[in-house]
Amino acid sequence: MAKVLMKGNEAIGEAAIRAGCKNYFAYPITPQSEVAEYLVKRLPEEGGVFLQGESEVAVGYMIFGASGAGERVMTTSSSPGISLMSEAISYIAAAQCPAVFVNIMRGGPGLGGILPSQGDYFQATKGGGHGDYRLLVLAPDGVQEAVEMTMQAFGLAEKYRNPVMVLGDGMIGQMMEPVEFPDDLKSEPSNKDDWATNGMATRKSKKRNLVKSLFLDPTELNQNNLILKAKYEQMRKEEVQFELYNADTDYQVMITSYGTMSRVCRTAIDMLKKEGIEVAMFRPKTLFPFPEQEVHDAAIKESCKSVISIEMSMGQMVEDVQRCVMGKRPVEFYGECGGEIPSPEKIIEIIKTLVK
Amino acid sequence: MGKTFSKPNVLSQNYTHYCPGCTHGIVHRLVAEAIDELDIQDRTVGIAPVGCAVMAYNYFDCDFQEAAHGRAPAMATGIKRVRPDLIVFTYQGDGDLASIGMGEIIHAANRGEKFTVIFINNAIYGMTGGQMAPTTMPGQRATTAPTGRDTDQTGMPIRMANLLGELVTPGYVTRQAVLKPQQVNKAKKAIKKAFQYQVEGKCFSFVEVVSTCPTNWGMTPLNALKWAEETLLPYYELGDYKTPEE
Ligand SMILES: Cc1ncc(C[n+]2csc(CCOP(=O)(O)OP(=O)(O)O)c2C)c(N)n1
Ligand code: SF4
């Protein structure tokens, strides 16, 4: 298929349709409202369902209901909205239902601002809602990956019967880039008869299905948590995605960065190369499961003297990087918030202090 | 002689966990009879609330989802929008629906979502041990209103059927009671009608049922029925607040 020029938010909406998702519930919030504005027009053409809920709290449960009933479903929001959806996300994870949440992050905490940020890393990867659960978190670095990851997300959500989050930021949502919609990422919905509440009439066995998260018996609750844990372990084995940049050199510094920030880092690395300074970048594409072993191995390359995590936050992913590097190299941090995206020049300046 | 009375098919064999004399059991039976009579068991999805009916899914043999506190109408919206052929009902208490879930119920009703809500008004939080609900009567004692509900501090009890009946969007909104046999018969008719409207794809339907909580009211089941009759019914007037034909 030929490339088309599209705004990130609209491309995410189109990607969902192309992946086979016909159901979308949402509540407006900048900088991602264009997803809803796009889908309100596109979904009826596809015979799909569009509904603007009364709040993110309600939208979270519209997603839960639709997903429990066995239909592919997505919502998109931005940071404060995701906080409100976190209640439902915890319930959906506990009840083992598949659903896709797109978070186009803006600056926080609180009302914060409307410009891009990566301040929701903790919330996305460490919980957000209550209890022991994880989301599978995909972090695109631009419009093309936002499309691909949105499409992948449905299959992954169904494979694991778990909510999947696409974690982008305001820059990815708002910018226009040429994009291609791959056919090979379209997946078939998995068989839902053994768990979905789609009506007893529709399934072969006459057994009724139950979608729930209450387990008053402690051994049953423990059992449910063990099932969830096993899924997260399987994700760690099967779903890790990452990209290494300029890593076949004798790099002195390894940057870890993701999403929009990683693109700025790439520019800085190219500029440093011209000055004879070799720097590599490790870019996790899955933030959970985090590429633990791979980050470790790339960091301890002999030529590598230090690692620096560069983020549009006050230091969140850096904690995972430190955990993986296990003290074998110094791990530094540089970040800015509030919608300011650090410039390549700033990154070059920081890197030079590390190599001198 | 033929059989004149038997367990509705959709009611499971399980014993319920409800307290002796609690009217939750009566309402369960009425819902089950309606589902049986309309022959919709195979395409019905119930939504359990948070509250004493949290385990309602153990008592109905049909698909069930369990919502978070107050969110059942949003969940029902999700199901019904993506699968309009399913018959969806929520079963919610007054803490669940009129307090934490006030936003969800008003908006679902106002959108005219085509599902059915069974709303148990027992004027108190049952499951958590008798705290004040938005429906608790002035002067009524609750663990969080030990000297009785003070309306200067907490406002007047909310009349959900009256409130939803005010919405302009068409719907079926009624308040019934299960304190006396005649009321039970009427409540049965209302519940069946509520489901019938859904089967016909007509409108949002809401049945408030004035109920008892002998345990948390600190009364015998009989005194609870009497107290409800004397104290609740004058304030929570029975009858239809809205019909789709209006
Ligand atoms: C978010 C949240 N807050 C509080 C609770 C605790 N809680 C459980 S049941 C309940 C009150 C339910 O009362 P009601 O809806 O009147 O139902 P009843 O028990 O009387 O049938 C509360 C506050 C909860 N489960 N979730
Ligand atoms: S606590 Fe009250 S509402 Fe709950 S089962 Fe007992 S009597 Fe019924």
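Here is how names work: the chains are called A, B, and so on, in the same order as the sequence lines, proteins then strands, and each is numbered from 1.
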[X] and [Y]: side chain donor to acceptor below 3.5 Å:
X	Y	answer
B:D61	B:S12	no
B:Y172	B:T116	no
A:Y91	B:E66	no

Residue, of A:V211, A:V49, A:V57, A:V59, that accumulates the most heavy atom pairs under 4.5 Å with chain B: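 Counting heavy-atom pairs under 4.5 Å, the top option is A:V211.
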
Which of A:N23, A:L214, A:V73 touches chain B most, by non-hydrogen pairs under 4.5 Å: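 If we count pairs closer than 4.5 Å to chain B, A:L214 comes out on top.
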
Side-chain (A:N9) to main-chain (A:P31) donor-acceptor, under 3.5 angstrom: yes

Part of [X] lying under 4.5 Å from any heavy atom of chain B:
X	result
A:A95	neither
A:F64	both
A:E71	side chain
A:L216	side chain
A:L51	side chain

Among B:Q65, B:M75, B:E104, residue most engaged with chain A (heavy-atom pairs, under 4.5 Å):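 Max contact count across the listed options: B:Q65.
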
Chain A contact via B:A67 - side chain, backbone, both or neither, heavy atoms under 4.5 Å: backbone

Toward chain A, the part of B:R43 with a non-hydrogen atom under 4.5 Å: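 When you check distances to chain A, only backbone atoms of B:R43 fall under 4.5 Å.
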
Cationic N near anionic O, under 4.0 Å, A:K41 to A:E45: no

Heavy atoms of other groups near A:E188 CD, more than 12 under 6.0 Å: no

Matching residue for B:F89 among B:F195, B:F204, B:F115 - test: ring-ring contact (aromatic ring centres under 6.0 Å, His included):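 Exactly one pass, corresponding to B:F195.
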
